[in-house]
Q: 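Before I ask anything, here is the structure I am working with.
Letters go in sequence order (proteins before strands), and every chain restarts at 1. Computation of the quantities below employed the complete heavy-atom set of this structure, encompassing side-chain atoms and omitting hydrogens, waters and symmetry-equivalent molecules.
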There are 2 protein chains.
Amino acid sequence: MVWRDSSGKALDDYARPSVAVDVAVLTVTGDQLAVLVIDSERGLSLPGTFLHPRETLRDAAARALSSKAAITGLDFHQLGMFDDPDRDDRGWVLSMAHGAAIAREKLPHTSRLVSITDTGAHERLAFDHDSMAAEAVRDLRQRYRGAADPDHLLPEEFTLLELRRLHEAIFAHEFPKDTFRRRFIGDLVGTGERSSAETGRPAELFRVR
Amino acid sequence: MVWRDSSGKALDDYARPSVAVDVAVLTVTGDQLAVLVIDSERGLSLPGTFLHPRETLRDAAARALSSKAAITGLDFHQLGMFDDPDRDDRGWVLSMAHGAAIAREKLPHTSRLVSITDTGAHERLAFDHDSMAAEAVRDLRQRYRGAADPDHLLPEEFTLLELRRLHEAIFAHEFPKDTFRRRFIGDLVGTGERSSAETGRPAELFRVR
DNA sequence: CTAATAGTGTCTCTGAGACACTATTTG
DNA sequence: CAAATAGTGTCTCAGAGACACTATTAG
């Protein structure tokens, strides 16, 4: 049986776009947000791949990250479909941008990072990958507005100073330490002390509740 | 020239999905949110269409709405790509769900509406259109959380009672009238009076600033 | 006048921010 | 002790909610 749409045109008669996925993997280096990029023939770009037959976008994103950046186990968020017909000079290619976040310590040491803000990356990226990365930053901020560390960018146990520095890197904005503590202390559960204080009183270690 | 990806496979060798768009047009009827549906061979469904060659998703969504529901001039938001390989038994079809909102008065009188909440429509919809509609509700709420009437669901001039009833329909939740007024009065600009009060003191008319 | 709805005054509570204070460590 | 950082007490301000009050219309 051949399915036809309401105009009587058979489904297979439509020219079909290629569908791709690209992933903006964000991390925090020191006091800066950064996005993982790879070297490609078109310059720096986000890891991506074409969708395989009957594969889900999520699976394709995982495959791209695994094959091009040796990263597994991430949680992806759809950011939006980038669909400018001329965005790729190889032809008509739609690409679903995905966002993800990971602690820098879990990245392969060979990973290439580019620092970034919500206006875009600090180096030119190929295609429309700069807009994708900027969208990933907005998405990350949205999630960190409401929770302490939803993407586990910090290790299991951390101090409030470390949590605050993380938020300051994500939002590119300083937070007062007393207000910040009172804002998040209810979402955390304390443990023992931290002796690694080089100077001053050691800070308590917390976990997310 | 034939472009090849990193594995040496030519771009055209990939099997390509059909790409569709579906649009959840939301409106408010009385004190209820509702979504516009059309009758199709598969039962009630959202208006949608297959992407034409080199067409943008936004243009396809506008075309679907214009041809299947006689509605033009709406502003669409991408909600997400629905990509279950088995979501459509006609084959491998990805569909980008879009959200939009319009005042009921601007809808054609023949429009068929189904009331809805954030858990889904109150009648069974075809395919995964129920999830799409639920997503559109969440998206609408997100936008109405921060502004009085971003989608112009009310006429140019309205009373605070009408605005409050609108928000109560959107959020399926009652708001105290004094707090609600103080929350939004700063985003509005007043005009004259309204004499249409059947009883009681007439309310002032406002516009969004 | 009464009924009905519009709009305000005011109290409480909560959370953010500012600022200074106390607490705990190293040297 | 001084230096440095962790953590708290407390004041102010703004916004949400509760509640009762005043204001303006029709009849």
Q: Taking atom OG of B/S45 and atom NZ of B/K68, what is their separation to the nearest 0.5 Å?
A: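 That separation rounds to 7.0 Å.
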Q: Please tell me which of the listed nucleotides, D/dG7, D/dA20, C/dG7, lies nearest to the side chain of B/D178?
A: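 Nearest nucleotide to the side chain: D/dA20.
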Q: To the nearest Å, how far apart are A/F175 CZ and C/dG17 C1'?
A: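 Atom-to-atom, A/F175 to C/dG17, this comes out as 13 Å.
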Q: Among the candidates C/dA18, C/dT5, C/dG7, find the nucleotide nearest to the side-chain atoms of B/T199.
A: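 Of the candidates, C/dT5 comes closest.
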Q: Of all the choices, C/dA16, C/dG9, C/dT25, which nucleotide is nearest to the side chain of A/R183 once you look at every atom?
A: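 Of C/dA16, C/dG9, C/dT25, C/dA16 is nearest to the side chain of A/R183.
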Q: Tell me: CG of B/L163 to C1' of C/dA6, nearest whole Å?
A: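 Nearest whole value for this atom pair: 15 Å.
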Q: Which nucleotide, D/dA18, D/dG7, C/dT8, lies nearest any side-chain atom of B/P176?
A: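 When the side chain of B/P176 is considered, D/dA18 is the closest of D/dA18, D/dG7, C/dT8.
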Q: Before you tell me yes or no, could you show the steps for B/H52 and B/F50 under ring-ring contact (aromatic ring centres under 6.0 Å, His included), namely the whole-Å CA-CA distance, both residues' side-chain angles and the distance that decides it to 0.1 Å?
A: CA-CA 6 Å; B/H52 283 354; B/F50 285 100; 9.3 Å; no
Q: Find the distance A/F184:CZ to C/dA16:P and express it as a whole number of Å.
A: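 The distance from CZ of A/F184 to P of C/dA16 comes to 9 Å, rounded to the nearest Å.
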Q: With nearest nucleotides of DNA chain C determined for B/G200 and A/K177 from heavy-atom distances, which residue corresponds to the more 5′ nucleotide?
A: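 So the residue in question is B/G200.
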Q: Counting the atoms with a prime plus P, OP1 and OP2 as sugar-phosphate, which does A/R182 contact under 4.0 Å by heavy atoms, base, sugar-phosphate, or nothing?
A: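 Touches a base.
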Q: Let me know the distance between CD of A/E204 and P of C/dT24, rounded to the nearest Å.
A: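 Rounded to the whole Å, the gap is 13 Å.
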Q: Whole-Å distance between C/dG7 C1' and B/L205 CG?
A: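 Result: 15 Å.
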Q: By nearest atom, which of the nucleotides D/dG17, C/dG7, C/dA16 is closest to the A/T179 side chain?
A: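 Nearest to the side-chain atoms of A/T179, counting from C-beta on, is C/dA16.
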Q: Nearest whole angstrom, please: distance from the P of C/dA16 to the CD1 of A/I185.
A: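 For the pair A/I185 CD1 and C/dA16 P, the rounded distance is 13 Å.
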Q: Judged by modelled atom types alone, do A/D59 and A/T56 share a side-chain donor-acceptor pair under 3.5 Å?
A: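 Yes, a side-chain donor-acceptor pair sits under 3.5 Å.
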Q: For the pair A/T179 (side chain) and A/P176 (backbone), establish whether a donor and an acceptor sit closer than 3.5 Å, ignoring hydrogens and angles.
A: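 A pair under 3.5 Å: no.
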Q: Could you please name the option among D/dA23, C/dA4, D/dG7 that lies closest to any side-chain atom of B/R201?
A: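 Between D/dA23, C/dA4, D/dG7, the one nearest the side chain of B/R201 would be D/dA23.
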Q: To the nearest Å, give me how far apart CG (A/L161) and C1' (D/dA4) are.
A: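 Interatomic distance, CG of A/L161 to C1' of D/dA4: 13 Å.
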Q: Between A/R207 and A/T191, does any side-chain donor sit less than 3.5 Å from a side-chain acceptor?
A: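 Distance-only check fails for A/R207 and A/T191.
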Q: C/dA4 P sits how many Å from B/E198 CD, rounded?
A: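 Computing the B/E198:CD to C/dA4:P distance gives 13 Å.
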